[in-house]
Amino acid sequence: MNIFEALRVSHETQRALSARLLASQADSPERQDIFEELKSELLAHETAEERCLYVPLFDHDVTVEASRHAIAEHHEMDEMVEDLEELVGDSAQWMESARKLCEKIAHHLSEEETKFFQQAGKVLTEAQKLSLAKEYEAEFLTLRVKEA
């Protein structure tokens with residue numbers, strides 16, 4: 001598995017959790033559980049992705065700007081998660097904020113998969129893609145265990 005395939009595993013998890021969150025009932029305890037799971041998934045994914053993909057791509061002029069943009073979007077999502085933590089989970093405002101977060105996640109994942117991965121794929125060797133995947137998976141698992 002290369003780095004892009006490894007990242008897509010978490011991307012699919014994020015998409016599924018986003019859909020479940022938006023479909024959850026306002027008064028159900030499941031909503032908070034799904035939100036906590038999505039929050040943990042996002043944190044582990046973006047931290048491991050930044051360390052194991054974006055940082056190495058700072059060495060290449062063609063991917064510096066895209067890496068900065070992606071990291072900035074991670075920061076925006078982190079702030080959106082923090083805002084949600086301050087709201088009551090069964091309020092209309094919470095659901096509207098959750099919808100905006102899920103839209104941001106979908107935009108970010110789509111942008112990575114359709115633009116960024118192609119740019120990164122041109123500057124990384126096949127060996128680097130495989131090596132970075134192993135680093136990412138190890139980092140991701142370490143972070144997920146820490147969050148549990």
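Quantities reported herein were computed from a predicted structural model and do not represent experimental measurements. When reading the values below, keep in mind they use all heavy atoms of this one structure, side chains included, and skip hydrogens, waters and symmetry mates. All residue numbers in this chain count up from 1 along the given sequence.
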Is [Y] reachable from [X] through a run of I, L, V, M, F, W or Y residues, each pair having side-chain heavy atoms under 4.5 Å apart?
X      : Y      : answer
Ile71  : Leu42  : no
Leu130 : Leu132 : no
Leu38  : Leu109 : yes
Met77  : Met95  : yes
Tyr136 : Leu57  : yes

What's the separation between atom [atom1] in [X] and atom [atom2] in [Y], rounded to the nearest 0.5 Å?
X      : Y      : atom1 : atom2 : value
Gln128 : Glu135 : CD    : CD    : 10.0 Å
Phe58  : Glu50  : CZ    : CD    : 8.5 Å
Leu87  : Gln93  : CG    : CD    : 4.5 Å
Cys102 : Leu22  : SG    : CG    : 4.0 Å
Met1   : Arg8   : CE    : CZ    : 11.0 Å
Asp78  : Lys39  : CG    : NZ    : 11.0 Å

Do [X] and [Y] touch side chain to side chain, with heavy atoms closer than 4.5 Å?
X      : Y      : value
Val64  : Arg68  : yes
Leu124 : Leu53  : yes
Phe35  : Leu21  : yes
Glu46  : Glu73  : no
Glu30  : Gln25  : no
Thr47  : Arg51  : yes
Val62  : Val123 : yes
Ser40  : Arg144 : yes

Is it the case that over 12 heavy atoms from other parts of the model lie below 6.0 angstrom from the CG atom of Asp59? yes

Would you say CD of Glu36 has more than 12 non-hydrogen atoms from neighbouring residues, nucleotides or ligands within 6.0 angstrom? yes

Give a yes or no on whether the ring-centroid distance for Tyr54 and Phe116 is below 6.0 angstrom.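 Between Tyr54 and Phe116, the centre distance is under 6.0 Å.
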
Salt bridge or not between Glu113 and Arg15? Use side-chain N to carboxylate O under 4.0 Å.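 So Glu113 pairs with Arg15 through a salt bridge.
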
I would like to know whether Arg20 and Glu37 meet side chain to side chain contact (heavy atoms under 4.5 Å, CB included); could you show each step before the answer? CA-CA 11 Å; Arg20 287 181 55 211; Glu37 182 70 17; 5.8 Å; no

Side chain to side chain contact (heavy atoms under 4.5 Å, CB included) assessment of Leu143 paired with His45: CA-CA 8 Å; Leu143 292 163; His45 172 77; over 6 Å; no

Do [X] and [Y] have side-chain N/O donor and acceptor atoms under 3.5 Å apart?
X     : Y      : result
Ser10 : Gln14  : yes
His74 : His108 : yes
His75 : Glu79  : yes
His60 : Gln119 : no
His69 : Glu111 : yes

Where Ala26 and Arg31 come nearest, the two heavy atoms and their spacing: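 Smallest heavy-atom distance, with atoms named: CA-NH1, 3.2 Å.
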
The test is salt bridge (Lys or Arg N to Asp or Glu O under 4.0 Å); show your working for Lys146 and Glu139 and say whether it passes. CA-CA 11 Å; Lys146 189 188 299 185; Glu139 184 76 14; over 6 Å; no

Look at the rings of Phe4 and Phe117 and say which category their plane angle falls in: under 30° parallel, 30 to 60° tilted, over 60° perpendicular.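 Because their plane-to-plane angle lies in the 30° to 60° range, the rings of Phe4 and Phe117 count as tilted.
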
Step by step, would you call Glu103 with Lys100 a salt bridge (Lys or Arg N to Asp or Glu O under 4.0 Å)? CA-CA 5 Å; Glu103 287 172 357; Lys100 287 179 181 176; over 6 Å; no

